[in-house]
Amino acid sequence: MSHWRELPAELHPDVRHLIVRLRGLKDRSELSKRRLAAKTGYSAKSWQRYLNGRSLPPREAVESMARVGGDNPHRLLVLHEIAAQRWSEGRAVTAPASAADDGPAPPEHAPTEHHPQGRHLRVAVTAAAVVTALSVTAALLLAVRLTEARAQLADERAGAAATAVATVSESMVPVIYTCELEQRDGRWYAGLSRTTDILLSNTQMGLEVAEAQCLLQRAGSEPGDIDGVFGPKTRRAVERMQKRGGLIVNGVIDPPTWQALREGAPR
């Protein structure tokens, strides 16, 4: 169990909830910050800031942590969206002060019976403070119910939708992954993904692509850099492996190709 530093007291509870979930996934993965950086593409120093509450992690980092820790990325992204709203509103958690307690005190020598205007002003200020407090309370209750509704919607979507693989965009920063090959129950794994059925083809990217690149390299079909990007070199490597293994040569990593990569002997 990791020994975590205490989070800043001024963090909003929604932000704190997200960070505690991320810490739990980090502990579950049993990865050091250095290995976590290699698997997610975000530096160890960045993860130290994210997990200590000094900086809000970006959406892509949260999604990568969910995949590494084996959690539902859709539910975690809902928590991130709520935390981002709280973070933009300000890190300090403020509570509505009771304006009735801070109302103006009557002058020491002012005979109230001769100045009804002062009494009326105090009544108006007190009434305004009560209305403000009730409005803030209603807003907080609405925010809590909205959070619960979003989380429920994310669960429903996650149960109905298959996991999608990201595609390449010009804004992506290149990442080189490390292959940590090991054999379990007669199957080979590179430590990046355990999938056996996700379809991978041109322009897709992510940990699943990097896993396939590692297994292609182990099988003797060089895909180029282990960068998690399904480009022309990776496609040609897949076609060579499929041709050599007697599979349908389509340049797509499908379930039969995954099986050959997982179970095949290196050449």
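Keep in mind that the numbers below use all heavy atoms, side chains included, and drop hydrogens, waters and symmetry copies.
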May I ask you to test the [X]-[Y] pair for a side-chain heavy-atom distance under 4.5 Å?
| X | Y | answer |
| --- | --- | --- |
| Ile19 | Leu11 | yes |
| Leu51 | Trp4 | yes |
| Ile82 | His17 | no |
| Leu25 | Val68 | no |
| Val209 | Val229 | no |
| Cys179 | Ile226 | yes |
| Trp188 | Gln183 | yes |
| Val249 | Arg240 | no |

Please confirm whether the backbone N or O of [Y] pairs with a side-chain atom of [X], one donor and one acceptor, at under 3.5 Å?
| X | Y | result |
| --- | --- | --- |
| Asp225 | Asp227 | no |
| Ser193 | Glu208 | no |
| His80 | Leu56 | no |
| Lys26 | Leu31 | yes |
| Arg28 | Arg23 | no |
| Asn250 | Val252 | yes |

Minimum heavy-atom distance [X]-[Y], with the two atoms named:
| X | Y | answer |
| --- | --- | --- |
| Val62 | Pro57 | CG2-CG, 3.9 Å |
| Asn202 | Gly231 | OD1-O, 4.0 Å |
| Pro73 | Ala66 | CA-CB, 3.7 Å |
| Ala212 | Leu261 | O-CD1, 4.4 Å |
| Gly53 | Pro8 | O-CG, 4.1 Å |
| Ile198 | Trp258 | O-NE1, 2.8 Å |

Quick one: do Trp87 and Val20 end up in the same hydrophobic cluster if we chain Ile, Leu, Val, Met, Phe, Trp and Tyr together by side-chain heavy atoms under 4.5 Å apart? yes

Could you please spell out the steps behind the side chain to side chain contact (heavy atoms under 4.5 Å, CB included) verdict for Gln259 and Thr196? CA-CA 7 Å; Gln259 182 177 359; Thr196 59; over 6 Å; no

How long is the gap from [atom1] on [X] to [atom2] on [Y], to the nearest 0.5 Å?
| X | Y | atom1 | atom2 | value |
| --- | --- | --- | --- | --- |
| Thr40 | Leu207 | OG1 | CG | 8.5 Å |
| Arg59 | Leu77 | CZ | CG | 4.5 Å |
| Leu215 | Leu181 | CG | CG | 7.0 Å |
| Lys45 | Lys33 | NZ | NZ | 13.0 Å |
| Glu222 | Gln213 | CD | CD | 9.5 Å |
| Ile253 | Asp197 | CD1 | CG | 12.5 Å |

Criterion side chain to side chain contact (heavy atoms under 4.5 Å, CB included) on Ser221 and Arg244, from CA distance to verdict: CA-CA 10 Å; Ser221 188; Arg244 190 171 56 202; 4.0 Å; yes

Would you say [X] has more than 12 foreign heavy atoms packed within less than 6.0 Å of its [atom1]?
| X | atom1 | result |
| --- | --- | --- |
| Ile176 | CD1 | yes |
| Glu182 | CD | yes |
| Glu30 | CD | no |

Check: Thr195/Glu211 side-chain N/O donor and acceptor closer than 3.5 Å: no

Please tell me whether Gln242 and Thr257 have a donor and an acceptor in their side chains that are separated by less than 3.5 angstrom. yes

With salt bridge (Lys or Arg N to Asp or Glu O under 4.0 Å) as the rule and sequence neighbours excluded, what pairs involving residues 230-239 come up? Arg235-Glu239

According to the salt bridge (Lys or Arg N to Asp or Glu O under 4.0 Å) rule, which pairs have a member within residues 11-20, sequence neighbours left out? Asp14-Arg86

For residues 18-48, which residue pairs pass the ring-ring contact (aromatic ring centres under 6.0 Å, His included) check, not counting sequence neighbours? Trp47-Tyr50

Residues Tyr189, Arg194; criterion side chain to side chain contact (heavy atoms under 4.5 Å, CB included); working and verdict: CA-CA 7 Å; Tyr189 299 93; Arg194 302 183 66 82; 3.7 Å; yes

